Amino acid sequence: MTIPDFQTIMLPLLQHTSDKEVHTIRELKVTLAEYFELLPQERDELLPSGQQTVFHNRVSWAKTYMERAGLLETISRGHFTITNRGIEVLASAVNRIDNTFLLQFPEYREFRSPNKSDDEESKLDEKNNIETPEEAFQTAYKQIREDLAADLITQIKKLTPVFFEKLVLDLMLAMGYGGSQDTAGALTVAGADEGIDGVINEDQLGLDIIYLQAKRWENQVGRPEIQRFVGALHGKRARKGVFLTTSTFSREARQYVEAIDPKVVLIDGSRLAQLMIEFNVGVSTVQSYFIKRIDSDYFIED
């Protein structure tokens, strides 16, 4: 048979984890290849990039999507197991698991399209079928970037305060603040709330400084927290501050910073992850693609 798409792989993959043991993609790739009776050349067929086999890629995506829906859970790097929700799904005698099926789970809807309505999301697969190759490429790039951003936030929330301190400093340096690691400034771990307070030079000459506060929170950051930060800025006679969080800011908090002096920039979890991707902090390039077009000027004869 031909190589199954990643949605067709979902149910067999989940079924093969029903033993509640810890599994790996490498192990299940072999098991599933036998289940689908793939020929050797089908197992070895590579993606256009030449970096990974098509089947391995599709098994990985099937696992990722079911993990986002809460059917699977990563135990450690490269190791995962079925969840109680996954067991319940199998007990329901479902005959297929695909993107449409997974939309019943709120975590999956948020993962796929945090800014789309349910009706818009239900049309996503139809849209993919009618896209041009270039549109499909751009859609895929956006999805990969959003997936990476979600993974970054998950990883950040697992960090110690000391490592989070380093992350904030590395990001600010990558964005052009501070000059160098030695002269940039200092970040100091705060108290029991695990926030990070500190200062960083705005430029290499240190003509001005920016005060920072970062909080690894699950809950939304409200106006009172921002007011306390602004109060601290006033106490330092500071004019600029940056408040970073792994969660989100309330509407009242955003409205508050728009109407005050000093200038305070709010960076929520989504923007934090996107900045890390943009400035290559905590990420690495796996593959680069270039879309080329005819250079009409080249073909003009003198």
Side-chain angles (χ1 to χ4, degrees), residues 2-10 25-26 29 32-33 38-68 74 77-78 98-99 108 110-116 120-121 123-156 167 170-177 180 267-302:
T2 58
I3 303 173
D5 62 77
F6 77 94
Q7 295 183 80
T8 302
I9 293 173
M10 288 182 181
I25 287 292
R26 183 182 298 274
K29 182 184 68 173
L32 290 169
L38 297 185
L39 299 174
Q41 57 267 36
E42 292 171 334
R43 301 185 188 202
D44 298 334
E45 182 178 333
L46 295 175
L47 292 168
S49 65
Q51 302 297 311
Q52 191 179 59
T53 65
V54 171
F55 188 62
H56 182 93
N57 181 266
R58 292 179 181 178
V59 171
S60 296
W61 277 110
K63 178 256 184 184
T64 295
Y65 276 47
M66 289 196 292
E67 190 174 64
R68 294 300 182 185
T74 294
R77 183 177 179 180
D98 54 22
N99 290 338
Y108 182 76
E110 178 64 20
F111 158 68
R112 282 297 300 272
S113 304
N115 298 318
K116 289 187 177 69
E120 289 174 316
E121 177 59 28
K123 299 175 182 177
L124 184 60
D125 291 334
E126 295 179 12
K127 177 182 176 184
N128 287 341
N129 290 334
I130 63 174
E131 285 181 324
T132 66
E134 188 165 337
E135 289 171 337
F137 186 92
Q138 293 171 351
T139 299
Y141 172 78
K142 180 180 179 182
Q143 185 64 56
I144 291 171
R145 186 171 174 126
E146 289 176 352
D147 294 348
L148 175 58
D151 287 342
L152 279 172
I153 292 301
T154 299
Q155 189 67 31
I156 290 171
L167 186 154
D170 287 345
L171 178 60
M172 296 300 290
L173 286 169
M175 293 172 64
Y177 295 98
S180 69
I267 299 178
D268 62 14
S270 176
R271 189 178 179 193
L272 173 63
Q274 292 298 334
L275 287 171
M276 290 177 65
I277 295 171
E278 182 177 351
F279 291 96
N280 294 310
V281 176
V283 299
S284 59
T285 300
V286 176
Q287 185 71 37
S288 297
Y289 296 91
F290 299 91
I291 299 177
K292 299 185 179 182
R293 295 184 176 89
I294 290 290
D295 181 0
S296 300
D297 292 339
Y298 176 82
F299 293 96
I300 297 176
E301 294 184 309
D302 294 333

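Quick caveat, the model's predicted, so the values are computed rather than measured.
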Given side chains that start at C-beta, do those of [X] and [Y] come closer than 4.5 Å, heavy atoms only?
X: Pro4; Y: Leu38; result: yes
X: Asn99; Y: Phe6; result: yes
X: Tyr289; Y: Gln287; result: yes

Looking at [atom1] of [X] and [atom2] of [Y], how far apart are the two atoms once the value is rounded to the nearest 0.5 Å?
X: Leu167; Y: Leu152; atom1: CG; atom2: CG; value: 8.5 Å
X: Asn280; Y: Asp170; atom1: CG; atom2: CG; value: 12.5 Å
X: Gln143; Y: Leu148; atom1: CD; atom2: CG; value: 11.5 Å
X: His56; Y: Arg43; atom1: NE2; atom2: CZ; value: 14.5 Å
X: Tyr65; Y: Gln7; atom1: OH; atom2: CD; value: 8.5 Å
X: Met175; Y: Met276; atom1: CE; atom2: CE; value: 12.0 Å

With a 3.5 Å distance limit and no angle check, can you tell me whether [X] reaches the backbone of [Y] through a side-chain donor-acceptor pair?
X: Glu42; Y: Leu39; value: yes
X: Arg58; Y: Thr53; value: no
X: Glu67; Y: Thr74; value: yes

Requested in this report: Walk me through it: do Asp5 and Thr8 pass the test side-chain hydrogen bond (donor to acceptor under 3.5 Å, both in side chains)?
Outcome: CA-CA 5 Å; Asp5 62 77; Thr8 302; 3.0 Å; yes
Where is the tightest heavy-atom contact between [X] and [Y], given as atom of each residue plus distance?
X: Gln274; Y: Arg145; result: OE1-NE, 2.6 Å
X: Phe55; Y: Lys29; result: CE2-O, 3.2 Å
X: Arg68; Y: Thr154; result: NH1-OG1, 4.3 Å
X: Val281; Y: Leu171; result: CG2-CA, 4.0 Å
X: Ala149; Y: Ile277; result: N-CD1, 4.0 Å

Query raised in the report: Which word best sums up how the rings of Phe111 and Tyr108 line up, parallel for under 30°, tilted for 30 to 60°, or perpendicular for over 60°?
Result: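 Aromatic pair Phe111/Tyr108 classed tilted.
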Query raised in the report: Yes or no on side-chain contact (heavy atoms from CB on, under 4.5 Å) for Lys63 and Ile25, after CA distance, side-chain angles and deciding distance?
Result: CA-CA 8 Å; Lys63 178 256 184 184; Ile25 287 292; 3.8 Å; yes
